[in-house]
Amino acid sequence: TYHFDRLFEVKWPHKIITKDTLWAFIKNRLGWHVRVVQQNHALVIYFPKWSYLFPIILKRISSRTQKQLVRILKKMGIEKQFLVLDSGIGDIIIPKESGKGKAIQRWAKLLGIPLKDILVVGDQAGPGKNDEEILSGRYGVPFTVGRAPKGDFPLSIFDEKGWKVWGPNGTLELINRVKFG
């Protein structure tokens with residue numbers, strides 16, 4: 001069996017936004033039937049199972065939902081407390097003081113590793129996407145196995161022939177090419 005210690009966790013900070021109120025908002029305002037799961041530190045929005053058969057449509061719905069959620073948090077005056085992120089297959093609302101970047105920062109400090117020596121890989125780098133924070137260049141050396149937005153970061157991964165490598169194969173390609181030590 002494995003044992004692990006939680007690196008850090010940020011508890012859900014707000015009583016106004018619950019899974020029930022979020023579900024009702026999405027259903028009544030947007031007309032979409034979703035499943036909302038409340039974790040200790042996040043609200044996760046899942047779309048109906050059938051929508052995963054149509055990735056292009058799902059990506060649009062996920063992006064549109066993320067934008068609508070950002071608008072409603074602004075209307076409520078609590079947008080500075082939360083991040084609303086789009087993974088392309090669902091959405092997540094987390095407290096601003098949590099997130100992947102903060103976890104990488106704490107992990108580096110715990111292990112005594114400079115942030116500049118950490119390799120970070122993600123697939124959703126654009127604005128409002130779930131890997132935007134860690135692929136910004138503020139947390140280690142960022143590589144993307146997805147579409148790269150304009151700018152210096154994240155870096156794309158290419159194979160020996162110069163072709164961009166996507167998804168899990170891109171991660172494996174990067175690991176195989178990196179020289180450690």
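Contact check for Lys27 versus Val34: no side-chain heavy atoms found under the 4.5 Å cut-off. Side-chain contact check for Ile118 versus Leu115: some heavy-atom pair is nearer than 4.5 Å. Residues Thr144 and Ser156 form a side-chain contact, since some pair of their non-hydrogen atoms from C-beta on lies under 4.5 Å apart.
A side-chain donor-acceptor contact under 3.5 Å links Glu132 to the backbone of Gly128. In this structure, the side chain of Asn169 does not engage the main chain of Val165 through any donor-acceptor pair within 3.5 Å. Remark: the backbone N or O of Ile113 is not paired with any side-chain donor or acceptor of Asp117 at under 3.5 angstrom. Between the side chain of Tyr52 and the main chain of Ile89, a donor-acceptor pair closer than 3.5 Å is present. Put simply, the side chain of Gln38 gets close to the backbone of Lys19: a donor and an acceptor are under 3.5 Å apart.
Note that Lys164 lies in the cation-pi zone of Trp166, set by a 6.0 Å cut-off to the ring centre and a 45° limit from the axis.
Sorted by first then second residue, the salt bridge (charged side-chain N to carboxylate O under 4.0 Å, His left out) pairs that include residues 135-162, not counting sequence neighbours, number zero.
Between atom CD1 of residue Ile61 and atom CG of residue Asp91 there is a gap of 10.5 Å, rounded to the nearest 0.5 Å. To the nearest 0.5 Å, atoms CZ (Phe158) and CZ (Arg177) are separated by 10.5 Å.
Between the side chains of Lys59 and Ser63, no donor-acceptor pair of N or O atoms lies under 3.5 Å.
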